[in-house]
Chemist: 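Pasting a structure here, questions to come.
Note that the structure is a prediction, hence the values are computed from the model and not measured.
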Amino acid sequence: MTASLPQSLVLIGAGKMGGAMLEGWLRIGIDPAGISLIDPKPSDEIVELAGEKGMRLNPSAKEIVPAEVLVLATKPQMLDTAAPAVQAFIHPKTLLISILAGKTLDDLAARLPNATAIIRAMPNLPASVQRGATAAAPGKGVSAAQRATADALLASIGKVEWLADEGLIDAVTAVSGSGPAYVFHLVECLAAAGVEAGLPADVAERLARATVEGAGELLFQSPLPPGTLRQNVTSPGGTTAAALEVLMAEDGMKPLMRKAVAAAKRRAAELSG
């Protein structure tokens, strides 16, 4: 179904992730005059952007038309406190999209009973450079048209995967939600190994960083699966093959990553429980 961009949208919480989403919406052509921003302590950048684009900043619910879409991007621990105020912006046909970590569809429905159509989404940090990975799970009241609208909004910051089971969100958190930190640590480890091999620290860090940046861009642009890309840079009996014998050993990267993702998934379950 072709998405229809909302004419009226309320963003509650214009921090780093909310701000990244806002920039994405403006890029895909949402009329800024139809956007209202609710944030008790907006950054100077948000205040300036709202003034420049003509977006409403901290209006009351009575000052704006009923929202087609409301995006909830506050800190999760603020939900109980903010719920009464959020309720006022939700109307029978409003689509609620929540990016609150650990807050389930049932949690949201219990605290925001005005919402009959709820989508739970989990974006990640690269959304700030429009290269995010977001997984989303729709509630039972979400129509096909609302899902298409949500897909367009979330796709403005990167790739979107739709989940048939909300229970998979904890696994998503462990893979893509926390995943950028794993990649950053890979750069740290590669740079440290470069120093051990004799490189100056600053050179090792620049080379490690550029290598991961370039490999990521190649992965982004290439239709080939990662395994094929790996094979393409591995000459039999060469240096890369020697390194991969270590990384792909029984006690190498695969079991270590499996343990790391399992730990993150367990913690996500604890935090949402």
Side-chain angles (χ1 to χ4, degrees), residues 1-14 17-32 34-38 64-74 76 79 83 86-87 89-127 130-177 268 272:
M1 175 175 289
T2 302
S4 173
L5 296 179
Q7 299 299 306
S8 57
L9 187 154
V10 174
L11 172 63
I12 299 184
M17 190 61 71
M21 298 176 77
L22 175 62
E23 291 178 5
W25 302 335
L26 295 174
R27 274 194 307 276
I28 63 174
I30 293 183
D31 184 357
I35 299 176
S36 298
L37 310 175
I38 310 297
I64 61 176
V65 298
E68 291 179 47
V69 178
L70 184 147
V71 177
L72 190 55
T74 64
L79 177 59
V86 174
Q87 277 274 85
F89 291 95
I90 300 174
H91 298 266
K93 294 184 179 181
T94 299
L95 169 64
L96 171 64
I97 301 174
S98 168
I99 65 167
L100 273 57
K103 299 302 180 183
T104 67
L105 292 171
D106 286 344
D107 290 334
L108 295 162
R111 290 162 177 77
L112 301 168
N114 287 356
T116 57
I118 306 174
I119 289 174
R120 183 182 175 192
M122 173 60 65
N124 67 357
L125 181 62
Q130 300 85 57
R131 295 285 287 274
T134 301
K140 294 180 180 179
V142 176
S143 68
Q146 288 174 321
R147 173 167 161 162
T149 295
D151 189 77
L153 295 175
L154 296 172
S156 72
I157 55 170
K159 298 196 179 289
V160 183
E161 295 288 341
W162 286 92
L163 305 175
D165 179 5
E166 184 197 2
L168 296 174
I169 288 283
D170 287 345
V172 167
T173 301
V175 174
S176 59
S272 63

Chemist: Hey, what do you get for CG (Leu96) to CG (Asn114), rounding to the nearest 0.5 Å?
Modeler: 10.5 Å
Chemist: Any side-chain to backbone donor/acceptor pair from Ser8 onto Pro66? Under 3.5 Å, distance only.
Modeler: yes
Chemist: Please determine which of Leu153, Leu95, Thr94 meets the side chain to side chain contact (heavy atoms under 4.5 Å, CB included) test together with Pro6.
Modeler: Leu153
Chemist: For Pro138 and Leu163, which heavy atoms make the closest approach, and how far apart are they?
Modeler: CD-O, 3.7 Å
Chemist: If I compare all heavy atoms of Leu37 with all of Ile35, which pair ends up nearest, and what's the gap?
Modeler: CD2-CG2, 3.7 Å
Chemist: Would you sort out whether Val10 and Val86 count as a side chain to side chain contact (heavy atoms under 4.5 Å, CB included), showing the intermediate values?
Modeler: CA-CA 10 Å; Val10 174; Val86 174; over 6 Å; no
Chemist: Of all heavy-atom pairs between Ala127 and Met17, which one has the smallest distance, and what is that distance?
Modeler: CB-SD, 3.7 Å
Chemist: List the atom of Asn124, the atom of Gly132, and the distance in Å for their closest heavy-atom pair.
Modeler: OD1-CA, 3.3 Å
Chemist: Which heavy atom in Ile119 sits nearest to a heavy atom in Ala150, and how many Å separate them?
Modeler: CD1-CB, 3.5 Å
Chemist: For a quick check under 3.5 Å, do Asp170 and Thr173 share a side-chain donor-acceptor pair by atom type?
Modeler: no
Chemist: Does Ser98 use its side chain to pair, donor to acceptor, with the backbone of Arg120 at less than 3.5 Å?
Modeler: no
Chemist: Under a 3.5 Å distance rule, please check whether Asp151 uses its side chain to pair with a backbone N or O of Ala148 as donor and acceptor.
Modeler: no
Chemist: To the nearest 0.5 Å, what is the distance between CZ on Arg27 and CD1 on Ile157?
Modeler: 9.0 Å
Chemist: To the nearest 0.5 angstrom, please state how far the CD atom of Glu161 sits from the CG atom of Leu168.
Modeler: 11.5 Å
Chemist: Begin with the C-alpha distance, continue with both residues' side-chain angles, and end with the deciding distance and a verdict on side chain to side chain contact (heavy atoms under 4.5 Å, CB included) for Val71 and Met21.
Modeler: CA-CA 10 Å; Val71 177; Met21 298 176 77; 4.1 Å; yes
Chemist: Given side chain to side chain contact (heavy atoms under 4.5 Å, CB included), test Leu72 with Leu79 step by step and report yes or no.
Modeler: CA-CA 9 Å; Leu72 190 55; Leu79 177 59; 4.0 Å; yes
Chemist: How far does CD1 of Ile118 sit from CD1 of Ile97, to the nearest 0.5 angstrom?
Modeler: 11.5 Å
Chemist: When rounded to the nearest 0.5 angstrom, what is the spacing between OG1 in Thr116 and NZ in Lys93?
Modeler: 10.5 Å
Chemist: About how many Å separate CD1 of Ile30 and CG of Leu22, when rounded to the nearest 0.5 Å?
Modeler: 9.0 Å
Chemist: Please check if the side chain of Glu166 supplies one atom and the backbone of Leu105 the other of a donor-acceptor pair under 3.5 Å.
Modeler: yes
Chemist: Can you name the closest pair of heavy atoms from Leu112 and Ile90 and give their distance?
Modeler: CB-CD1, 4.2 Å
Chemist: Short question: side chain of Thr134, backbone of Val160 - any donor-acceptor pair under 3.5 Å?
Modeler: no
